[in-house]
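Take a look at the structure set out below.
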Protein chains: 2
Amino acid sequence: MLRMSKLADYGTVVMTYLAQRPEAVHSAMETATQVHVALPTVSKVLKILAHENLVLSSRGAKGGYVLARSPKDISIAQIIDAMEGPIALTQCSSDDIVCEQEASCSIRGNWRKINEVVRSALQGVTLDNMAQPAVQPIHMYANGLKQRRAFS
Amino acid sequence: MLRMSKLADYGTVVMTYLAQRPEAVHSAMETATQVHVALPTVSKVLKILAHENLVLSSRGAKGGYVLARSPKDISIAQIIDAMEGPIALTQCSSDDIVCEQEASCSIRGNWRKINEVVRSALQGVTLDNMAQPAVQPIHMYANGLKQRRAFS
DNA sequence: CTAAATAGGACTAAAGTAGTTCCAATTGAA
DNA sequence: TTCAATTGGAACTACTTTAGTCCTATTTAG
């Protein structure tokens, strides 16, 4: 019902992989192989994560990526934020514009509460948690994914 | 960060409007006017909601829509589900296919937990709650939205 | 019978996303 | 000093989804 982009999904996968050996430097190549996702895609993901300071990068031969912080200090919320970027609230967020949808406007405040619940739930899940093997049997929740992951 | 479609957004707006006078029959026309959204769009939304049994419809002159249940028995989760539809988990959900992304697969189980938290949060918010005027000042959280609403 | 409504489907246009590719900049090591 | 291994960054293409509109059939009150 709520969704996250595929890239954000890859983001969590990649980060979880890095979290398995947080001290080592992992090249995009190596990561791609281990995670079974195409190299260009993994590269793109890592570049974004580096740009958002969730991983540190080093260039040149023997370069690669490392987690910027301890796995227990990186939340899923942060990763999704990094990958999807903040979505700009336009128009109505600037005060001088009169909202055209008054009826719906009165509802927005409630959405905020919901957001906070959702967000705090996601902030509560760290890479550390993710690295622990899942309780559920493998394969069960992987999606053949068309485009997005569903929060069913 | 997580997103819902604009239609789902309209869905909650429309449903909240209907919830203000749950006993009355509201035509698409009337609703569109009150909610300040184009008629064809509101029609589409109401048709979907009717099809999903969240509202009851009556045709012909003096026809229109009514909430199918009491506002306190309709959750935001149900509305979003109705508007976005279940997103089919393909491939991996059928047992005989071997998952190609084992590394990420081991993570899926955790996603399930997250889903449940998110979902239960949304199930906890009813139309009844939405109808109560928001605490926050108007205009502040409405988005000029490009395409989707952000769960920031 | 007619006007007011919904039902349902088809359709168009726009937007967003995924994924690839290319080239520049770095850097370790022979 | 030169080469090879890497990341940085941006541009681009193809694809999918979504939004929104419109047309026609059906239903029903008066």
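Within every chain, numbering begins at 1; the chains are lettered A, B, ... in the order of the sequence lines, protein sequences first and strands thereafter. Hydrogens, waters and symmetry mates are skipped; everything else that's a heavy atom, side chains included, is used.
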Does A:His26 use its side chain to pair, donor to acceptor, with the backbone of A:Arg21 at less than 3.5 Å?
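Side chain of A:His26 to backbone of A:Arg21: a pair is present.
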
Treating A:Thr33 as the side-chain partner and A:Met29 as the backbone partner, does any N or O pair qualify as donor plus acceptor under 3.5 Å?
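Between the backbone of A:Met29 and the side chain of A:Thr33 there is a qualifying donor-acceptor contact (under 3.5 Å).
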
Between [N] atom [atom2] and [X] atom [atom1], what is the distance in whole Å?
{"X": "A:Lys44", "N": "D:dG9", "atom1": "NZ", "atom2": "C1'", "value": "12 Å"}
{"X": "B:Tyr10", "N": "D:dT21", "atom1": "OH", "atom2": "P", "value": "9 Å"}
{"X": "B:Ile48", "N": "C:dG9", "atom1": "CD1", "atom2": "P", "value": "12 Å"}
{"X": "B:Glu52", "N": "C:dA7", "atom1": "CD", "atom2": "C1'", "value": "14 Å"}
{"X": "B:Asp9", "N": "D:dG20", "atom1": "CG", "atom2": "C1'", "value": "15 Å"}
{"X": "B:Met29", "N": "C:dT6", "atom1": "CE", "atom2": "P", "value": "10 Å"}
{"X": "A:Lys6", "N": "C:dA18", "atom1": "NZ", "atom2": "P", "value": "8 Å"}
{"X": "B:Met83", "N": "D:dT18", "atom1": "CE", "atom2": "C1'", "value": "12 Å"}

Does a nitrogen or oxygen in the side chain of B:Ser57 sit under 4.0 Å from OP1 or OP2 of C:dA7?
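So the side chain of B:Ser57 is within the cut-off, an N or O lying under 4.0 Å from OP1 or OP2 of C:dA7.
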
Protein proximity profile, nucleotides 21-30 of chain C - base contact B, sugar-phosphate-only contact S, no contact -, cut-off 4.0 Å on heavy atoms:
B---BBBSS-

Will you find, in the side chains of B:Gln123 and B:Ser75, an N or O donor that is under 3.5 Å from an N or O acceptor?
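There is no such pair between these side chains.
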
Please check if any side-chain donor atom of A:Glu30 sits under 3.5 Å from a side-chain acceptor atom of A:Tyr65, or the reverse.
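There is no such pair between these side chains.
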
By nearest atom, which of the nucleotides [options] is closest to the [X] side chain?
{"X": "B:Thr41", "options": "C:dG19, C:dT20, D:dT21", "answer": "D:dT21"}
{"X": "B:Ser5", "options": "C:dA18, D:dT18, C:dT6", "answer": "D:dT18"}
{"X": "A:Ser27", "options": "D:dT6, D:dG20, C:dT6", "answer": "D:dT6"}

Given side chains that start at C-beta, do those of A:Leu18 and A:Val55 come closer than 4.5 Å, heavy atoms only?
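They are in side-chain contact.
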
Determine whether A:Leu7 and A:Val13 fall in the same hydrophobic cluster, where Ile, Leu, Val, Met, Phe, Trp and Tyr are linked whenever their side-chain heavy atoms lie under 4.5 Å apart.
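Shared cluster, yes.
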
One pair to check against side-chain contact (heavy atoms from CB on, under 4.5 Å): A:Gln78 and A:Arg69. What are the steps and the verdict?
CA-CA 12 Å; A:Gln78 287 167 350; A:Arg69 303 188 288 279; 3.0 Å; yes

With a non-hydrogen cut-off below 4.0 angstrom, is A:Leu7 in contact with a base, only sugar-phosphate, or nothing?
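Sugar-phosphate only.
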
